[in-house]
There are 2 protein chains.
Amino acid sequence: MEDLTEMLKGTLEGCVLEIIDSEETYGYAITRKLNELGFTDVVEGTVYTVLLRLERNGLVQVAKRPSAVGPPRKFYALNDAGREELARFWAKWQYVSSRIDKLRESGGR
Amino acid sequence: MEDLTEMLKGTLEGCVLEIIDSEETYGYAITRKLNELGFTDVVEGTVYTVLLRLERNGLVQVAKRPSAVGPPRKFYALNDAGREELARFWAKWQYVSSRIDKLRESGGR
DNA sequence: AGCGGTACTCGGTAACACTAAGTACCGAGC
DNA sequence: GCTCGGTACTTAGTGTTACCGAGTACCGCT
């Protein structure tokens, strides 16, 4: 699929929140997960900037743990604020996507 | 609904294309249409910047026509490139929204 | 003459995904 | 023991986008 970057604005962060909510995990693994899910062009750098933002905004709890196959990993887990933000994200997504789908069906008429 | 601006990035332009495709129309009316559709916070200034971009990118044909109730209106219609862009937009939307919905259902697991 | 609704333009802002370059840890093969 | 590929994170800078605010201007009604 061609360039999706503009359409991912505002939704990629929500996707990352959802992945973290499902399981405590780290940047490199989140990137692989997103790639599996079909967001094939999302690269590490992008995910790390999202994670740093989540941390700066106090939505996650961070724990550094050693790895057997490389440098230490920064594991992320949602805190209460993060779970609230995730709920807000899904509410917005529901709202926006349903309206866009309706526009598509009605053809704007 | 609270602030949707980030989530509208990359999709607002597609919505405007769809509205123009359904009927030759102008900026002020497009704004009202979007408001009706649930995008209540989208204001004229935002729509006009989208329209100027569409024009600059050669996706629309423009015709200025007098109005009985105010200053002249700039009517927009899609050209071939615009219709192609609209098709690409819906393909992207289909792709992205289906994958996000799947992520939501599976909980990222 | 003034006011509210209609209609468009333009300079500037903030947020986001992305890029590119760098650092650093580890195991396997030469 | 040295390189190489895979793992893992950081940071400065870029481009695109929606939004904001102020301005211009046309029109009908009071």
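All chains are named by letter (A, B, ...) in the order of the sequence lines, taking the proteins before the strands, and each is independently numbered beginning at 1.
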Are side-chain heavy atoms of [X] and [Y] found at a separation under 4.5 Å?
{"X": "B:Leu52", "Y": "B:Lys74", "value": "yes"}
{"X": "B:Leu51", "Y": "B:Tyr26", "value": "no"}
{"X": "A:Trp90", "Y": "A:Glu18", "value": "yes"}
{"X": "B:Asp41", "Y": "B:Leu4", "value": "no"}

Judged by nearest nucleotide, the residue sitting upstream toward the 5' end of DNA chain C, A:Leu4 or A:Val69, is A:Leu4
Select one nucleotide: of [options], the one nearest the side-chain heavy atoms of [X].
{"X": "A:Leu52", "options": "C:dT6, D:dT11, C:dA17", "value": "D:dT11"}
{"X": "B:Pro71", "options": "D:dA18, C:dA7, C:dC16", "value": "C:dA7"}
{"X": "B:Glu6", "options": "C:dA15, D:dT7, C:dA7", "value": "C:dA15"}
{"X": "A:Leu12", "options": "D:dT17, D:dT7, C:dC18", "value": "C:dC18"}
{"X": "B:Val50", "options": "C:dA17, D:dT7, D:dA18", "value": "D:dA18"}

Can you see if the side chain of [X] gets near the phosphate of [N] - specifically, an N or O under 4.0 Å from OP1 or OP2?
{"X": "B:Lys74", "N": "C:dT9", "answer": "yes"}
{"X": "A:Tyr26", "N": "D:dA8", "answer": "yes"}
{"X": "B:Ser67", "N": "D:dC26", "answer": "no"}
{"X": "A:Arg53", "N": "C:dC16", "answer": "yes"}
{"X": "A:Tyr48", "N": "D:dT10", "answer": "no"}
{"X": "B:Thr46", "N": "D:dC19", "answer": "yes"}

Give the rounded distance in Å between these two atoms: [atom1] of [X] and [atom2] of [N].
{"X": "B:Leu51", "N": "D:dA18", "atom1": "CG", "atom2": "P", "answer": "11 Å"}
{"X": "B:Leu54", "N": "D:dA18", "atom1": "CG", "atom2": "C1'", "answer": "14 Å"}
{"X": "A:Asp41", "N": "C:dA20", "atom1": "CG", "atom2": "P", "answer": "13 Å"}
{"X": "A:Glu13", "N": "C:dA17", "atom1": "CD", "atom2": "C1'", "answer": "11 Å"}
{"X": "A:Glu55", "N": "D:dT11", "atom1": "CD", "atom2": "C1'", "answer": "14 Å"}
{"X": "B:Asp3", "N": "C:dA14", "atom1": "CG", "atom2": "P", "answer": "14 Å"}
{"X": "A:Lys92", "N": "D:dA18", "atom1": "NZ", "atom2": "C1'", "answer": "13 Å"}
{"X": "B:Glu44", "N": "C:dG4", "atom1": "CD", "atom2": "P", "answer": "16 Å"}

Between A:Glu23 and A:Lys33, is there a salt bridge with N-O shorter than 4.0 Å?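 Not counted as a salt bridge, because no side-chain N and carboxylate O are separated by less than 4.0 Å.
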Side chain of B:Lys92, backbone of A:Asp3: donor and acceptor closer than 3.5 Å?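 Confirmed, B:Lys92 side chain pairs with A:Asp3 backbone.
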First encountered from the 5' end of DNA chain D, between A:Thr49 and B:Asn57: A:Thr49
Within the 4.0 Å heavy-atom criterion, would you say A:Gly45 contacts the bases, only the backbone, or no part of the nucleic acid?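 It contacts base atoms.
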Base of D:dT16 paired with side chain of A:Lys9 (donor-acceptor, under 3.5 Å): yes
